[in-house]
Amino acid sequence: MKTFDVIIAGGGLAGLATAAQLVEKSKNLKVLVYEANQIGGGASGVPSGMVNPATGQRARMVWNAEACFRMLEKRLEQLSAVSDTNLRLQKGVLRPAIDENLAENFRLSLKHTRWPKGWIEWLQPDEVKKRIPYLKDCSGALFMSKGKTVRTPEYLQAYVRYLKESGVTFVFGGPYTTDNGSGEWTLRNRKNVYSAPNLVIATGFKAKENKYWTELPLNSVKGQLAVYHSPEHIGRLPAISAYGYIAPVDDHTLAVGSTYEHHYHDENPDTQGAGLLDQKLKELLPELYPHCQRIGQWSGIRATTPDRLPIVGEHYAQKGLYIYAGLGSKGLLYSELVASHLATHITEKKDLPFEISLYRFSRMEELRDKAREENEP
Ligand SMILES: Cc1cc2nc3c(=O)[nH]c(=O)nc-3n(C[C@H](O)[C@H](O)[C@H](O)COP(=O)(O)OP(=O)(O)OC[C@H]3O[C@@H](n4cnc5c(N)ncnc54)[C@H](O)[C@@H]3O)c2cc1C
């Protein structure tokens, strides 16, 4: 049996960030990341990830935006040092107002939200045209200089390298069973048994398949994304957020995402998805579209909560069993800050912020109360 202080099931953005925050907070912790498939095998494998501080039709500032950005930027800087590739494309995010109603919403967001200085500006239609000549006509746009695009697969690779250098153990081990007894969690696969007093389930949309977490308020939403080659140099293009997003991958490659499929038959990319993504590109960049060639397609399943914020916490009845899921469409932005809270919750027993706590959902609270009643002498 191999023993650890914490086992993390799942090597996506949530699992890797949790491992990093744990070893950075307590250098002597022995941490194992157990990945059933491969790093980036889940939603985190998205070829190009946009980081956008303004969310929804009203361009609201995302939860804890400043802290999230600070932590992501610190991580990007650190991982860039162990990567051969440029992990981030710091070109901002543009949110075109495709009609006058949206333009009004965006202007109101600028007026009523306390955006940090220098993060966001309103561009008049002629200024938008000047910056992106092949963008469809719009009623102006928000430009978020803080927004960025991250090369997610390379980010994950650099993350694994950094974690290994920091002493984290990785096992790619296929199916397993989990059990607990005498204060230890054991994870048993065909070859080995691993044990630790703490087990974090960070398996994305698969979290509900874990027998202890079947009641989690998580929905699975399939997303497809297509990658296009553009003969035109698009190196200066910011990410564009409208009907999904268009994000540069490199000087001649674009990622167009994504579909939101609440009902789906399988997890794979399909021709219907490809058609929708072609349509998005055609709609947004009509002059560039005829020259672009679709060269790849990708799909993943997001796990989302009813209020679109992540969900973390210790199980209502199982000591030492934690959940970290529900990153939705904001895995890059939220993963570090949430992992940092979870790590201090595990190591120092500090309370989690209510907005991301498991127990903000009444069903979870109910189950916790019931478990407490049953345990009362
Ligand atoms: C099409 C699409 C586009 C997206 N675009 C963006 C974007 O632009 N910006 C952004 O920030 N976010 C984006 N996201 C969302 C982002 O990808 C997710 O929020 C994030 O990846 C979720 O990370 P996770 O670690 O919770 O889950 P996952 O990435 O799904 O990781 C879970 C891991 O657990 C492993 N696993 C599964 N079952 C088990 C098990 N039983 N035991 C051990 N391991 C297991 C899986 O193989 C996987 O590696 C997008 C998602 C999709 C689908």
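Count residues from 1 along the sequence.
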S.K.: Considering residues at least two apart in sequence or located in another chain, which fulfil the side-chain hydrogen bond (donor to acceptor under 3.5 Å, both in side chains) criterion with Arg368?
M.R.: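 Arg368 satisfies side-chain hydrogen bond (donor to acceptor under 3.5 Å, both in side chains) with no residue once adjacent residues are dropped.
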
S.K.: Start with the C-alpha gap between Leu284 and Ile240, add the side-chain angles, then the distance that decides, and say whether side-chain contact (heavy atoms from CB on, under 4.5 Å) holds.
M.R.: CA-CA 9 Å; Leu284 269 179; Ile240 302 169; 4.2 Å; yes

S.K.: Only pairs at least two apart or in different chains count here, so list each ring-ring contact (aromatic ring centres under 6.0 Å, His included) that has a residue in residues 257-290.
M.R.: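 Every candidate ring-ring contact (aromatic ring centres under 6.0 Å, His included) pair involving residues 257-290 fails, so no pair, neighbours aside, qualifies.
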
S.K.: Starting at CD of Gln224, measure out to OG of Ser258 and round the result to the nearest 0.5 Å.
M.R.: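 So the CD of Gln224 and the OG of Ser258 are separated by 9.0 Å.
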
S.K.: Going hydrophobic residue to hydrophobic residue with side-chain gaps under 4.5 angstrom, can you get from Leu332 over to Val221?
M.R.: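 Leu332 and Val221: separate clusters.
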
S.K.: Consider only side-chain N and O atoms of Thr259 and Glu261, and report whether a donor and an acceptor are under 3.5 Å apart.
M.R.: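 The criterion, which ignores hydrogens and geometry beyond distance, is satisfied for Glu261 and Thr259.
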
S.K.: Is there a donor-acceptor contact under 3.5 Å from the side chain of Ser109 to the main chain of Ala59?
M.R.: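 Pair found, side chain donor or acceptor close to backbone of Ala59.
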
S.K.: Only counting residues at least two apart or in another chain, list the ones meeting salt bridge (Lys or Arg N to Asp or Glu O under 4.0 Å) with Asp351.
M.R.: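 For Asp351 there are no salt bridge (Lys or Arg N to Asp or Glu O under 4.0 Å) partners, ignoring immediate neighbours.
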
S.K.: Treating Ile, Leu, Val, Met, Phe, Trp and Tyr as nodes and any side-chain heavy-atom pair under 4.5 angstrom as an edge, say whether Val62 and Met50 lie in one connected cluster.
M.R.: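 In one cluster: yes.
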
S.K.: Which residues satisfy the side-chain hydrogen bond (donor to acceptor under 3.5 Å, both in side chains) test with Arg131, sequence neighbours excluded?
M.R.: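 Partners of Arg131 under the side-chain hydrogen bond (donor to acceptor under 3.5 Å, both in side chains) test: Glu127.
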
S.K.: About how many Å separate OG1 of Thr85 and CD of Gln157, when rounded to the nearest 0.5 Å?
M.R.: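 Those atoms lie 7.0 Å apart.
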
S.K.: Verify salt bridge (charged side-chain N to carboxylate O under 4.0 Å, His left out) between Arg360 and Glu355, making sure each step is shown before the conclusion.
M.R.: CA-CA 7 Å; Arg360 71 187 187 277; Glu355 311 92 273; over 6 Å; no

S.K.: Would Arg151 and Asp250 pass as an ion pair if we require N to O under 4.0 Å?
M.R.: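 The answer is no: the pair does not qualify as a salt bridge.
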
S.K.: Where do Ala317 and His315 come nearest, in terms of heavy atoms and distance?
M.R.: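 Smallest heavy-atom distance, with atoms named: N-ND1, 2.9 Å.
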
S.K.: Kindly write out the residues that satisfy salt bridge (Lys or Arg N to Asp or Glu O under 4.0 Å) with Glu66, not counting sequence neighbours, or none if the list is empty.
M.R.: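 Glu66 satisfies salt bridge (Lys or Arg N to Asp or Glu O under 4.0 Å) with no residue once adjacent residues are dropped.
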
S.K.: Checking the side chain of Ser357 only, and the main-chain atoms of Pro353 only, is there a donor and an acceptor separated by less than 3.5 Å?
M.R.: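 Side chain of Ser357 to backbone of Pro353: no pair is present.
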
S.K.: Check whether any side-chain N or O of Asn198 sits under 3.5 Å from a backbone N or O of Asp5 as a donor-acceptor pair, and report yes or no.
M.R.: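 Yes, because the side chain of Asn198 sits within donor-acceptor range (under 3.5 Å) of the backbone of Asp5.
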
S.K.: Compile the donor-acceptor pairs under 3.5 Å between side chains in residues 271-279 and protein atoms, sequence neighbours left out, one pair per line.
M.R.:
unit_1 : atom_1 : unit_2 : atom_2 : d
Asp278 : OD1    : Tyr228 : OH     : 2.6
Asp278 : OD1    : Arg294 : NE     : 3.0
Asp278 : OD2    : Arg294 : NH2    : 3.1

S.K.: May I ask you to say whether Glu314 pairs ionically with Lys319, meaning some side-chain N is under 4.0 Å from a carboxylate O?
M.R.: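 No, Glu314 and Lys319 are not salt-bridged.
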
S.K.: What residues form a side-chain hydrogen bond (donor to acceptor under 3.5 Å, both in side chains) with Glu100, not counting sequence neighbours?
M.R.: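 Here the qualifying residues are Arg107.
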
S.K.: Please check if the number of heavy atoms outside Lys349 that lie under 6.0 Å from its NZ is greater than 12.
M.R.: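 Result for NZ/Lys349: enclosed.
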
S.K.: Could you list the donor-acceptor pairs under 3.5 angstrom formed by side chains in residues 11-23, with sequence neighbours left out?
M.R.:
unit_1 : atom_1 : unit_2 : atom_2 : d
Thr18  : OG1    : Ala14  : O      : 2.7
Gln21  : NE2    : Glu336 : OE1    : 2.9

S.K.: Within this structure, what is the CD-CE distance for the pair Glu121 and Met144, rounded to the nearest 0.5 Å?
M.R.: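 Rounded to the nearest 0.5 Å, the CD-CE separation comes to 10.5 Å.
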
S.K.: Taking the hydrophobic residues Ile, Leu, Val, Met, Phe, Trp and Tyr, and joining any pair whose side-chain heavy atoms are under 4.5 Å apart, which ones share a cluster with Tyr194?
M.R.: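 Besides Tyr194, the cluster holds Phe4, Ile7, Leu32, Tyr34, Val171, Tyr176, Trp185, Leu187, Leu199, Ile201, Tyr212, Trp213, Leu216, Leu218, Ile311, Tyr316, Leu321, Ile323, Leu358, Tyr359, Phe361, Met364, Leu367.
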
S.K.: Hey, does the side chain of Ser299 reach the backbone of Glu267 with a donor-acceptor pair shorter than 3.5 angstrom?
M.R.: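 Flag set: sc Ser299 to bb Glu267 pair under 3.5 Å.
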
S.K.: Can a side-chain donor-acceptor contact be found between Ser195 and Arg188 if the only test is distance below 3.5 angstrom?
M.R.: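 The criterion, which ignores hydrogens and geometry beyond distance, is not satisfied for Ser195 and Arg188.
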
S.K.: Using a strict 4.0 Å threshold on nitrogen-to-oxygen distance, state whether Glu24 and Arg75 make a salt bridge.
M.R.: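 The answer is yes: the pair qualifies as a salt bridge.
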
S.K.: For Asn37, is there any backbone N or O sitting under 3.5 Å from a side-chain donor or acceptor partner on Glu35?
M.R.: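 Such a contact is found between Glu35 side chain and Asn37 backbone.
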
S.K.: Got a salt bridge between Glu366 and Arg363, using NZ or NE/NH1/NH2 to carboxylate O under 4.0 Å?
M.R.: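 Between Arg363 and Glu366 there is a salt bridge, with a charged N closer than 4.0 Å to a carboxylate O.
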
S.K.: Would you please name every residue forming a side-chain contact (heavy atoms from CB on, under 4.5 Å) with Glu73, sequence neighbours left out?
M.R.: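 If we apply the side-chain contact (heavy atoms from CB on, under 4.5 Å) test to Glu73, skipping adjacent residues, the hits are Phe69, Lys146, Lys148.
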
S.K.: Hey, is CG on Asn28 packed in by over 12 heavy atoms from elsewhere, all under 6.0 Å?
M.R.: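 Check fails, neighbour count at 12 or below.
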
S.K.: Taking Leu225 as the starting point, is it possible to reach Phe205 by hopping between hydrophobic residues whose side chains are less than 4.5 Å apart?
M.R.: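 No, because Phe205 and Leu225 fall into different hydrophobic clusters, even though each may have its own neighbours under 4.5 Å.
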
S.K.: Test side-chain contact (heavy atoms from CB on, under 4.5 Å) on Leu87 and Ser83 and set out the steps.
M.R.: CA-CA 8 Å; Leu87 300 178; Ser83 175; 3.5 Å; yes

S.K.: Start with the C-alpha distance between Leu108 and Thr113, add both sets of side-chain angles, then the distance that settles side-chain contact (heavy atoms from CB on, under 4.5 Å), and finish with yes or no.
M.R.: CA-CA 8 Å; Leu108 284 175; Thr113 310; over 6 Å; no

S.K.: So how far is it from Glu77 CD to Arg88 CZ, rounded to the nearest 0.5 Å?
M.R.: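 It comes to 6.0 Å.
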
S.K.: What's the separation between atom CG in Leu72 and atom CG in Leu76, rounded to the nearest 0.5 Å?
M.R.: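 With rounding to 0.5 Å, CG (Leu72) is 4.5 Å from CG (Leu76).
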
S.K.: Can you pull out every ring-ring contact (aromatic ring centres under 6.0 Å, His included) where at least one residue sits in residues 132-161? Sequence neighbours excluded, please.
M.R.: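 The answer is Tyr155-Tyr159.
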
S.K.: Within this structure, what is the OG-CG distance for the pair Ser230 and Leu254, rounded to the nearest 0.5 Å?
M.R.: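 Rounded to the nearest 0.5 Å, the OG-CG separation comes to 6.0 Å.
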
S.K.: Enumerate the residue pairs fulfilling ring-ring contact (aromatic ring centres under 6.0 Å, His included) with a member in residues 42-64, sequence neighbours excluded, ordered by first and then second residue.
M.R.: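 Passing the test, one end in residues 42-64: Trp63-Tyr334.
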
S.K.: Between Thr152 (side chain) and Val46 (backbone), is there a donor-acceptor pair under 3.5 Å?
M.R.: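 Pair found, side chain donor or acceptor close to backbone of Val46.
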
S.K.: Take Lys2 and Asn192 through the test side-chain contact (heavy atoms from CB on, under 4.5 Å) and record every step on the way to the result.
M.R.: CA-CA 8 Å; Lys2 302 189 178 183; Asn192 269 311; 4.0 Å; yes

